[in-house]
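Report on the structure given below.
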Amino acid sequence: MKLGVTRELPLDVTTALHPYFDEIIVYEKGRPLTENELCEAVRGKDVLICQLTDLISEKVLSHATSLKHLCTFSTGIDHLDLAALKKRGIRISHTPGVLTEATANLSWALILNCARKIKPAETFLKEGRFKGFFPNLFLGLPLELSTLGIVGMGKIGEAVAARAQTFKMKKVLYVSKTSKNIVGATPVTFDELIRLSDVISIHCPLTPETRHLFNDLVFKRMKKNAILVNTARGAIIDEAALTSHLMSHPDFTVGLDVFENEPEVFPGLLSLPNALCVPHIGSASVWAREKMAEICIQDAMRFASGTKLKYEYLYD
Ligand code: DGY
């Protein structure tokens, strides 16, 4: 059996999987593979360990004539053409569960930073503009008097909601596809959520329905001084519309971990004082990333030895 790995993982894949595969090729290039390189990487492989940056498209799969198992080093699966994979009977493993706490913590890091204006305050200080304590300097949002709206109540949404109690937020609202009861949080419609929330945190997957869920019309219905945080997928927000909204509404703030066309960021967005942006590091705790690698390695082992996959994504 042959294994392809599109990038090195935080654990040593080759040593761990050597006993299970006749050939292992790691295509580490210090950057994501191009589509042509991916076509090459899948050729002749039985198993491929890929990244969320690898778009596994119909074109790529047309080169994957022996591929039977795809392990993605991610929880999200929006980079996979599920119909094309299903048609070929290719099984999928992904890494849900292990990045919940890390991602929820980053969401809160962004919320707290935006609420207390840490980024502009630091810039102000570094620019030598601090002339001593001033009663009106960088007044932020009192979280204890504010409403948090959570879009998508999966595991990460729940972990974000749980942390809201620690910060004594006045109210937590949420929208969820499934009818779930969350202690201390109230289910509402999307329209209610965007109108009533002071802080909105996005935790839904990227699907055709959620692409550009946050667009110009939605921004206009949100509070003028709202905080919008996204650690899910960039394309849930229309980044062009967001950039112009931020420009015309200086009190509206965003904390973004993900972007619509990563690694590109919409021109002008990064230099706005009301945009706090980090490079897709939601799951980047040592433990979470090692667990994600362990899941990929162990499910590839299970596949090679014909045992039941533990982290299989089951097609609808
Ligand atoms: C995922 O696994 O989908 C995350 O975006 C990685 O941080």
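Both backbone and side-chain heavy atoms feed into the values below; hydrogens, waters and symmetry mates do not. What you see is a predicted model; the values in this text were computed from it and never measured.
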Legend entry - Co-membership, hydrophobic cluster, residues Leu9 and Tyr20, 4.5 Å side-chain: yes
Inset, instruction - First locate atom CZ of Phe266, then atom CD of Glu260, and finally report the distance between them rounded to the nearest 0.5 Å. - result: 9.0 Å
Legend entry - Glu101/Arg163 ion pair, N-O < 4.0 Å: yes
Inset, instruction - Report the C-alpha separation of Thr231 and Thr103 in whole Å, then their side-chain angles, then the decisive distance to 0.1 Å, and conclude whether the side-chain hydrogen bond (donor to acceptor under 3.5 Å, both in side chains) test is met. - result: CA-CA 7 Å; Thr231 57; Thr103 310; over 6 Å; no
Legend entry - Beyond-backbone contact of Ile56 with Asp81, side-chain heavy atoms, under 4.5 angstrom: no
Legend entry - Rounded distance [0.5 Å steps], CG in Asp78 versus OG1 in Thr72: 9.0 Å
Legend entry - Pairwise side-chain contact, Arg233 with Glu262, heavy-atom cut-off 4.5 Å (strictly under): no
Legend entry - Polar side-chain atom of Asn225 near backbone of Asp251 as donor-acceptor pair, under 3.5 Å: no
Inset, instruction - Let me see the working for Phe259 and Cys277 under side-chain contact (heavy atoms from CB on, under 4.5 Å), right down to the final yes or no. - result: CA-CA 9 Å; Phe259 303 91; Cys277 301; 3.7 Å; yes
Legend entry - Phe214 and Phe190: CA distance, side-chain angles, deciding distance, ring pair (Phe, Tyr, Trp, His ring centres under 6.0 Å) verdict: CA-CA 11 Å; Phe214 283 83; Phe190 181 70; 5.5 Å; yes
Legend entry - Full working for side-chain contact (heavy atoms from CB on, under 4.5 Å) between Leu52 and His280: CA-CA 11 Å; Leu52 59 84; His280 205 147; 3.9 Å; yes
Inset, instruction - Please assess Leu242 against Phe252 for the test side-chain contact (heavy atoms from CB on, under 4.5 Å), listing each intermediate value before the final yes or no. - result: CA-CA 10 Å; Leu242 175 70; Phe252 187 98; 4.1 Å; yes
Legend entry - 4.5 Å side-chain heavy-atom contact, Glu40 and Tyr27: no
Legend entry - Validation row: Ile237, Ile202 side chains within 4.5 angstrom (heavy atoms): yes
Inset, instruction - Count the heavy atoms of every other residue, nucleotide or ligand shown that sit under 6.0 Å from NZ of Lys171, and state whether that count exceeds 12. - result: no
Inset, instruction - Keeping the roles fixed (side chain from Asp198, backbone from Thr147), state whether a donor-acceptor pair exists under 3.5 Å. - result: yes
Legend entry - N/O donor-acceptor pair under 3.5 Å between Thr34 side chain and Glu37 backbone: yes
Legend entry - Distance-minimising heavy-atom pair for Ile227 and Cys114: CG2-CB, 3.6 Å
Inset, instruction - Report whether Tyr311 and Val13 are members of the same hydrophobic cluster (ILVMFWY, side-chain heavy atoms less than 4.5 Å apart, transitive linking). - result: yes
Inset, instruction - Evaluate the side-chain hydrogen bond (donor to acceptor under 3.5 Å, both in side chains) criterion for residues Thr53 and His79: first the C-alpha distance (whole Å), next the side-chain angles of each, then the deciding distance (0.1 Å), finally the verdict. - result: CA-CA 7 Å; Thr53 45; His79 55 301; over 6 Å; no
Legend entry - Short side-chain to backbone donor-acceptor contact, Asp216 and Ala241, under 3.5 Å: no
Inset, instruction - For atom NZ of Lys155, decide whether the heavy atoms of other residues, nucleotides or ligands shown that lie under 6.0 angstrom number more than 12. - result: no
Legend entry - Asp299 (side chain) donor-acceptor with Ser93 (main chain) under 3.5 angstrom: no
Legend entry - Flag side-chain contact, heavy atom, 4.5 Å: Ile49 against Leu3: yes
Legend entry - Test side chain to side chain contact (heavy atoms under 4.5 Å, CB included) applied to Ile111 and Leu141, Val199, Leu106, the passing residue: Val199
Inset, instruction - Compare all side-chain heavy atoms of Val60 with those of Glu35 and state whether any distance is below 4.5 angstrom. - result: yes
Inset, instruction - State, yes or no, whether a side-chain contact exists between Leu11 and Glu294 at a heavy-atom distance under 4.5 Å. - result: yes
Legend entry - Gap separating the NZ atom of Lys170 from the CD atom of Glu144, nearest 0.5 angstrom: 10.5 Å
Legend entry - Nearest heavy atoms of Leu17 and Ala300, plus distance in Å: CD1-CB, 3.9 Å
Inset, instruction - Indicate the atoms forming the closest heavy-atom contact of Met301 with Ala16, along with that distance. - result: CE-O, 3.6 Å
Inset, instruction - Check whether Val151 and Val160 end up in the same hydrophobic cluster, where Ile, Leu, Val, Met, Phe, Trp and Tyr are linked by side-chain heavy atoms less than 4.5 Å apart. - result: no
Inset, instruction - Give me the ring orientation class for His245 and His249: parallel if the planes are under 30° apart, tilted from 30 to 60°, perpendicular past 60°. - result: parallel
Inset, instruction - Measure the OG1-CD distance between Thr14 and Glu8 for me, rounded to the nearest 0.5 Å. - result: 7.5 Å
Legend entry - Any donor-acceptor pair under 3.5 Å from His94 side chain to Thr75 backbone: yes
Inset, instruction - Decide if atom CD of Gln165 counts as having more than 12 heavy atoms of other residues, nucleotides or ligands within a radius under 6.0 Å. - result: no
Inset, instruction - May I ask you to check whether over 12 heavy atoms, not counting those of Lys180, lie within 6.0 Å of atom NZ? - result: yes
Inset, instruction - Treat each ILVMFWY residue as a node, draw an edge where side-chain heavy atoms are under 4.5 Å apart, and state whether Leu206 and Ile200 are in one component. - result: yes
Inset, instruction - Hey, could you give me the CG/CD1 distance between Leu173 and Ile182, rounded to the nearest 0.5 Å? - result: 13.0 Å
Inset, instruction - Rounded to the nearest 0.5 Å, what's the gap from OG on Ser146 to NZ on Lys168? Could you check? - result: 14.5 Å
Legend entry - Where Glu192 and Thr189 come nearest, the two heavy atoms and their spacing: OE1-N, 2.9 Å
Inset, instruction - Using a 4.5 Å cut-off on heavy atoms from C-beta on, say whether the side chain of Leu48 contacts that of Thr6. - result: yes
Inset, instruction - Spell out, as yes or no, whether a donor-acceptor pair under 3.5 Å connects the side chain of Asp46 to the backbone of Leu67. - result: no
Legend entry - Heavy atoms from other residues, nucleotides or ligands near CZ of Arg221 exceed 12 (cutoff 6.0 Å): yes
Inset, instruction - Return the set of residues passing side-chain contact (heavy atoms from CB on, under 4.5 Å) with Arg289 (not counting sequence neighbours), or none when no residue passes. - result: Pro10, Phe73, Ser283, Ala284, Met292
Inset, instruction - Assess whether atom NZ of Lys2 is packed by more than 12 heavy atoms of other residues, nucleotides or ligands within 6.0 Å. - result: no
Legend entry - Val172 with Ile194, same ILVMFWY side-chain cluster at under 4.5 Å: no
Inset, instruction - Give a yes or no on whether the backbone of Arg43 and the side-chain of Lys45 come within a donor-acceptor separation of less than 3.5 Å. - result: yes
Legend entry - NZ/NE/NH1/NH2 to OD/OE distance under 4.0 Å, Arg88 and Glu58: yes
Inset, instruction - Test Leu276 against Leu110 for side-chain contact (heavy atoms from CB on, under 4.5 Å), laying out the working first. - result: CA-CA 8 Å; Leu276 172 64; Leu110 295 173; 3.8 Å; yes
Inset, instruction - Give me the ring orientation class for Trp108 and Phe167: parallel if the planes are under 30° apart, tilted from 30 to 60°, perpendicular past 60°. - result: parallel
Inset, instruction - Could you tell me whether the side chain of Lys177 and the main chain of Cys204 form a donor-acceptor pair under 3.5 Å? - result: no
Inset, instruction - For residues Gly149 and Ser197, report the shortest heavy-atom separation together with the two atoms involved. - result: CA-OG, 3.3 Å
Legend entry - Main-chain N/O of Ile156 paired with Thr100 side-chain donor or acceptor, under 3.5 Å: no
Inset, instruction - Locate the shortest heavy-atom distance separating Leu272 from Leu246; write the atom from each residue and the value. - result: CD1-CB, 3.7 Å
